[in-house]
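As structure tokens, the structure follows; a few thoughts come after it.
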Amino acid sequence: MTARQPVRVLGKASGRLATMGPGFGFLTVFLLVPLALVLSYTVFRRGRFGGVVHEPTGENFARLADPLYLEVVAGSVKLAAITTLLALLLGYPTAYLIARLPARWKVIALVAVVLPFWTNFLIRTYAWIVLLNSEGPVNSGLKALGLGPVELLYTDGAIVAGLLYAYLPLMILPLYSAVERLDPELREASANLGARPARTFWSVTLPLSLPGVLTGCVFVFVFVPSLGNFVIPELLGGGRRIMVGNLIRDQFLKARDWPFGSVLALAVVAVLVLLLFAQAWAARRAGRGA
Amino acid sequence: MTLISIDGVSRRFGEVTALDSVSLDIRQGEFFALLGPSGCGKTTLLRILAGFEQPDIGSVRLDGADLLAIPAHRRPVNLMFQSYALFPHMSVEKNVAYGLERERLPRAEIRERVAAVLETVGLAAQARRRPHELSGGQRQRVALARAVVKRPRLLLLDEPLSALDKKVRSEMQLELKRLQHEVGITFVVVTHDQEEAMSLADRIAVLNGGRVEQVDTPVDLYERPRTPFVAGFIGASNLFTGRATGKGLDVDGLGVLPAPAGPVEGGTAMLAVRPERIRLGPVTDGRGALRGRVVDVSFYGGVSHVALSVAGHDRTVLAATQGRARVEAGAEVALSWDADDGALVPLTP
Ligand SMILES: Nc1ncnc2c1ncn2[C@@H]1O[C@H](COP(=O)(O)OP(=O)(O)O)[C@@H](O)[C@H]1O
Ligand SMILES: [Mg+2]
């Protein structure tokens, strides 16, 4: 269900505009107008102290091809992809185990998964600095084993750890709901037909939970490069690694180049929309008749 | 020859006793039915045979070897699930081929056997469809094909026809019987529909509350119920409770009713008389076992049912006659039956 919602909501919006007055008004004010503004900025020249000068130009888009920025984009995509992959590898077994717990333990486990969300995001990120710095508990442990100290903080590894920690629940929750929904009789049918447990997993459980896998990956991948995380690269990466989020923020707040910032933001939105459509398409394919 | 030997199997779920020391022998090549009301443990027994459930105590042997020691995926037993449990992401032919692929058979052979079984169940044209594109009856046939194509020693069918409407159901009953004849596999079919069990099975085990009440051929079950539950559950029966004597069953308020001589002389017993065994006649002194007044007559084409009220008996007595009934509502009639047409069931005091 959750996996298919984006498409359904869009479909209904076009069909029943009249009944959706209030919601549509909200969307218009808080989503469509800002998006239209960002879109319009992309084709104008930058103002000297921010804002735009209303002279049409295509050069903002041309700058996107600058190797300097491509490198930032490629670096962000790399870190986001690594984070997403690790989140999947950690999240799938976790979600699978939770889904097969007795009902009471399920609730406890799910609460434990979302609990960090109730703590301030910055505090959680600072906690990683405490953990990873050269005098921190991780390095003390490594030293005691004769393996350290190792430079942990201000590395790509620290960024990935921070991102992973922040966004893992976004992977676990859709996976959990996908695995939980699977009819246990399908696994039994597979065993009954002669499949070992591993074969049952590859041929039945995994394909049928693919919509959840895709939703989780899209959530983590999209949230990682586009949202909030200019904080994590800065705090845990020590500002050495610039991700798309940092770049966009810097264009608006430091370089005062709103048009180019808008182009970058638009590019992220475009990727996001593409991924959501891919996810919805796959979910619909996999979910039919399930 | 005994294929499956179930001995003293019990299974509890918390407070619920799903199976209570069940012992059954199922013979090679027979069509065996497990019949009983909903919740009596039928599915639990099938799940134990398939390996999804372990009994608390008791043993199950297949060809004399311990079946319970074999994991589910290596048992020569296939189950057709009550819900069908078709893989929604696979086409009909992929669903059917799944079990053969697990046996690592050559592709050509798999293709051949899948095509053959789909032909048998009349789904050759639907081979490429997904389960959600099929009707209920077609899905049921895919589930059947998927289980049969493995040529198991034992095929288990859990209420295979319950989701189908009446007309399709009787067609499928014939189909099942023909199929069992053709492939020669031992079938165990679970049902709560006694007519279905009667028409399909060579032998029927009646389950009640996790216990086996009686195992018999359909005819013997019908004519010679051995427990009160079976007497009441199988077919419509007129039941009388009394004390068995040498001359019949002595029922308070009704007198001595014709009953077969049984080993229960002197004890309390239940007499079951089938409606079609009861003859109705004019009231003449001293004739007939009981006297009753006709309450209702219903005509069902081939047979008529006559409902009678009998003074001193709190339940309506049912008689069935061939063709049209020759009595009318309100008439006083005499009821009679031969002693040997009743079945006498001992009641434990
Ligand atoms: N996994 C289970 N957990 C708890 N109770 C169960 C479970 N499986 C079956 N039961 C109970 O055992 C009894 C027999 O169930 P079942 O074998 O499904 O009956 P049937 O198939 O004859 O309708 C029922 O009371 C049912 O509620
Ligand atoms: Mg059942």
Side-chain angles (χ1 to χ4, degrees), chain A residues 1-4 7-8 92 96 99-105 174-175 177-216 278-290, chain B residues 14 43 46-53 70-92 94-105 110 129-135 138-139 142-143 145-152 154-158:
Chain A
M1 281 301 139
T2 37
R4 299 167 66 173
V7 169
R8 254 197 224 155
Y92 201 105
Y96 189 81
R100 302 192 64 173
L101 285 176
R104 194 149 46 99
W105 289 104
L175 281 176
S177 93
V179 175
E180 161 77 16
R181 248 196 352 256
L182 290 184
D183 182 356
E185 283 195 348
L186 293 178
R187 280 196 298 267
E188 290 177 349
S190 174
N192 185 252
L193 293 167
R196 295 158 188 276
R199 165 54 60 189
T200 296
F201 178 80
W202 284 112
S203 296
V204 177
T205 309
L206 188 61
L208 288 175
S209 58
L210 223 46
V213 171
L214 275 156
T215 307
Q279 186 273 339
W281 174 79
R284 207 185 303 168
R285 249 183 77 94
R288 267 187 318 206
Chain B
T43 297
L46 286 198
R47 290 174 58 80
I48 286 174
L49 293 177
F52 307 140
E53 202 78 75
I70 306 174
H73 68 273
R74 284 209 252 111
R75 295 190 185 189
V77 173
N78 283 118
L79 170 62
M80 181 182 155
F81 289 74
Q82 192 164 359
S83 66
Y84 308 150
L86 298 177
F87 303 126
H89 58 303
M90 296 181 197
S91 66
V92 167
K94 284 267 164 56
N95 263 281
V96 176
Y98 190 84
L100 297 179
E101 283 164 1
R102 302 290 79 80
E103 293 175 28
R104 298 179 190 283
L105 296 174
I110 292 178
R129 301 242 183 110
R130 297 271 196 100
H132 74 277
E133 297 169 311
L134 302 177
S135 72
Q138 290 173 327
R139 275 182 224 177
V142 178
R146 190 176 71 170
V148 168
V149 78
K150 294 267 288 177
R151 296 179 192 153
L154 179 65
L155 182 65
L156 311 170
L157 305 104
D158 195 355

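These numbers were taken from a predicted model, which means no experiment stands behind them. Every chain is numbered from 1, with letters handed out A, B, ... down the list of sequences.
- Contacts between Leu86(B) and chain A at a heavy-atom distance below 4.5 Å involve the backbone alone (N, CA, C, O).
- For the set Pro131(B), Ala85(B), Ala143(B), the count of heavy-atom pairs under 4.5 angstrom toward chain A peaks at Ala85(B).
- When all heavy atoms are compared, the tightest approach of Ser190(A) to Tyr98(B) is OG-OH, 2.7 Å.
- Taken to the nearest 0.5 Å, the CG atom of Asn192(A) stands 8.0 Å off from the CZ atom of Arg146(B).
- Heavy-atom distances place the side chain of Arg47(B), and not its backbone, under 4.5 Å from chain A.
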Open item on the list: Apply side-chain hydrogen bond (donor to acceptor under 3.5 Å, both in side chains) to residues Ser209(A) and Tyr92(A) and explain how you reach the verdict.
Closed with: CA-CA 10 Å; Ser209(A) 58; Tyr92(A) 201 105; 2.5 Å; yes
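- In plain terms, the two heavy atoms of Asn78(B) and Lys150(B) that are nearest each other are OD1-CB, 3.0 Å.
- Ile70(B) and Arg75(B) get closest at one heavy-atom pair: O-NE, 2.8 Å.
- Heavy atoms closer than 4.5 Å to chain A are found in the side chain of Met90(B), but not in its backbone.
- Taking chain A as the reference chain and counting heavy-atom pairs below 4.5 Å, the highest number among Gly51(B), Ala72(B), Gly99(B) is found for Gly99(B).
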